[in-house]
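Heads up: the structure comes next, in structure tokens.
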Amino acid sequence: MISLESSIIRFKDVFKKYYPENVVFSGIDLEIEKGEFVFLTGPSGIGKSTMLRILFCAEHPTSGEIWVDGVALSSLSSAQVPYLRRKIGVIFQDFKLLSNRTIFDNVALSLEVIGLGKKQAEQRVMQVLEGVGLKGKMNQYPLRLSGGEQQRVAIARAVVNRPSIILADEPTGNLDLQRTEEVMMLMEELNARGATIIFATHDERLFENTHRRVLRFLNGKIRT
Amino acid sequence: MSLAILCRRAFFDLRQNFFGQLITTMVVSLSILIFAFFTLLYFNLQDFVDRFGTELGLTIFLTKEVPKDQIPYLYQKLTDLPEVEKVTYISSEEAFRRLEHFLKEEKDVLEGVDPEFLPPSFEVQINRAVFQLDRIKQLAGEIDKWPGVSKVQFGQEWIDRLHVFSGLVRTIVAIIGILLMFTAAFVVTNTIKLNVYARKEELEIMRLVGATNMFIQGPFLVEAFLQGLLGSSLALGIVFAGYSFLQGFETKFELLRGMNICFIPWHYTVAIIASSVLLCVTGTALVMRRFLRL
Ligand SMILES: Nc1ncnc2c1ncn2[C@@H]1O[C@H](COP(=O)(O)OP(=O)(O)OP(=O)(O)O)[C@@H](O)[C@H]1O
Ligand SMILES: [Mg+2]
């Protein structure tokens, strides 16, 4: 049994309904512990991305309450939302890179918004880009990169400010086997350093042989 | 966020979106230019009518009985008045000659008429620098009481009509000006909207990675401030150049000399620049608000 204190994410009776009759969640209760690494799975269109979007306040539940790091999301004003987001690194399914900025600047954006000094930021960006194998392309623009490379830039941007929670939405969707391996290892490493990770994927192979908790969507509810 | 970082980001943006920024500045400039032109017209109409009275001057008719030796004395008395620029004496004969000249072929009707039947008069030109309609009215009343003066005439009726007419024209110009102001505001906010829409993805992404609204808006507002300032200054600069050009003409050509073009009063120019800046900044802030809710 997970105690309330150690759970960093908690869903209580969450419903999400899109207009007019698309019920995505019909009563989700869920607790995720600090430092946990969970997989979120289910067929396409079941609501994986929606769940992550609710967690970083890009979407609001129709009813129910969610707590992130002890804060009830319904109580956050729109001015407080940015501060929540700084604790959460999101790897977007569609990357969301700025096409008019270089790879370096895209990754640096996460640090720029929290006002980190230029020198320090530069060092961290380089380090992270090296980790995803894109140091050589840091002065390129996103559209010049392959899908897999863009995905790795998205990963780099999500982790560069060392968030305590990482929401990964199909982060290996465009990667070959070797790159997938590398990303999984990077995630493991971040998790080992204390980050809580929610990893959304429909690729069963990624969690086949792990001891990790797997959250499966079924009829708007979650089965562990 | 420090000012230095804000400026660095604003200038980075300016370089990145140079063309868009330039277009917006041009739109601001053109809109203000048209508006400023009408403002200039408005103030000149007002000024022109005020000064027009000087062109008409005063005509002082003397009684026919006035002794000839009295005339230089009256002449001197008129010339000594501070409001008076120039005095011309028109004798009865001169007046008769003018009448003949005016009638041309019809001058036969004057046949047998005593050339002395017209009263002698003074034509008085009013000093432009001193001219004030009320003062001239008062002066006319005073001169009317002088011995030897039968009647003082000045273009009172004309001036009154001109005032009514110019009042009408000025109202029309003012209405057009106000309509243009709304048009300018509309065009400028729409241009701003296009610019912000073009960068909406950028705004959303910044918001998603945890940027505060102030952080996102900062550079945009700096840019809007510059657009408003540069655009309106440029427009007023062009109007001023046009004004100086016309003024050059004025001193060169006799015909235009009376025009005495004036520029928009300085506090109005300040108001135009300030409104332009305000328009750009609030317009940008309002348009951006929509994308900063996510
Ligand atoms: N903004 C929206 N408006 C209306 N319906 C939406 C919206 N976003 C998502 N949906 C619906 O919610 C459901 C869940 O979508 P979601 O993107 O969460 O699926 P997913 O599990 O991430 O799928 P995939 O594996 O393909 O990414 C879908 O049926 C989708 O049509
Ligand atoms: Mg999805």
Side-chain angles (χ1 to χ4, degrees), chain A residues 49 52-60 76-102 105-118 121 141-143 153-154 156-167 169, chain B residues 1-24 192-224 227 282 284-294:
Chain A
S49 297
L52 301 185
R53 286 171 61 76
I54 286 176
L55 277 172
F56 60 88
C57 289
E59 202 78 71
H60 299 285
L76 284 182
S77 71
S78 116
Q80 290 170 309
V81 167
Y83 300 98
L84 170 83
R85 288 181 179 159
R86 292 174 190 184
K87 287 192 245 174
I88 304 176
V90 184
I91 303 162
F92 295 95
Q93 196 169 8
D94 55 354
F95 316 145
K96 295 204 188 296
L97 301 177
L98 287 168
S99 52
N100 61 348
R101 297 200 190 201
T102 61
D105 288 337
N106 263 285
V107 176
L109 188 67
S110 296
L111 299 175
E112 206 183 312
V113 302
I114 59 173
L116 196 73
K118 209 176 168 192
Y141 287 87
L143 295 180
V153 177
R157 187 187 59 194
V159 304
V160 72
N161 64 345
R162 297 174 189 163
S164 54
I165 301 170
I166 293 170
L167 307 179
D169 199 350
Chain B
M1 183 171 42
S2 75
L3 201 66
I5 292 178
L6 178 65
C7 289
R8 205 185 63 214
R9 289 180 55 219
F11 282 102
F12 175 81
D13 267 9
L14 277 175
R15 267 221 317 274
Q16 282 262 309
N17 306 291
F18 184 73
F19 198 65
Q21 311 278 3
L22 193 69
I23 296 278
T24 312
I192 288 171
K193 208 183 261 181
L194 281 179
N195 256 337
V196 173
Y197 269 62
R199 293 171 66 186
K200 97 186 221 282
E201 200 197 4
E202 188 181 338
L203 301 184
E204 284 170 0
I205 291 174
M206 290 226 255
R207 185 91 186 128
L208 286 175
V209 300
T212 59
N213 285 357
M214 262 334 287
F215 179 88
I216 301 171
Q217 276 182 314
F220 277 80
L221 296 181
V222 170
E223 287 154 40
Q227 283 161 359
T282 50
T284 303
L286 286 179
V287 174
M288 286 186 82
R289 229 172 46 170
R290 176 173 324 187
F291 298 111
L292 300 178
R293 292 216 184 101
L294 189 70

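Quick caveat: nothing in here was measured; it's all calculated off a predicted structure. Any value given below was found using the heavy atoms of this structure, including those in side chains, with hydrogens, waters and symmetry copies removed. Throughout, protein chains are lettered first and strands after them, A, B, ... in sequence-line order, and every chain is numbered starting at 1.
Residue A:Glu112 touches chain B through both its backbone and its side chain, counting heavy-atom pairs closer than 4.5 Å. Within the 4.5 angstrom heavy-atom criterion, no atom of B:Arg199 approaches chain A. Using a 4.5 Å cut-off between heavy atoms, A:Lys118 contacts chain B through its side chain alone, with no backbone atom that close. Only the backbone of A:Leu97 comes within less than 4.5 Å of a heavy atom of chain B; no side-chain atom from C-beta onward does.
With respect to B:Glu202 and B:Arg9, no salt bridge is recorded, no charged nitrogen being found less than 4.0 Å from a carboxylate O.
Judged purely by distance below 3.5 Å, without hydrogens or angles, the side chains of A:Ser49 and A:Asp169 pair a donor atom with an acceptor atom.
Of the possible polar contacts, one joining the A:Arg86 side chain to the B:Gly210 backbone as a donor-acceptor pair under 3.5 Å is found.
Of all the listed residues (B:Thr212, B:Asn17, B:Asn213), the one sharing the greatest number of non-hydrogen pairs under 4.5 Å with chain A is B:Thr212. No other option in A:Gln80, A:Lys96, A:Lys87 has as many heavy-atom pairs under 4.5 Å with chain B as A:Lys96. Chain A forms the most heavy-atom pairs under 4.5 Å with one residue out of B:Gln16, B:Met206, B:Glu204, and that residue is B:Gln16.
Counted within 6.0 Å of CZ on B:Arg289, heavy atoms from surrounding residues, nucleotides or ligands total 12 or fewer; the atom is thus considered open.
A:Arg157 places a side-chain heavy atom less than 4.5 Å from the side chain of B:Ile205.
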Could you give me the CA-CA distance, side-chain angles and deciding distance for A:Val159 and A:Ile166, then say whether side chain to side chain contact (heavy atoms under 4.5 Å, CB included) is met? CA-CA 7 Å; A:Val159 304; A:Ile166 293 170; 3.9 Å; yes
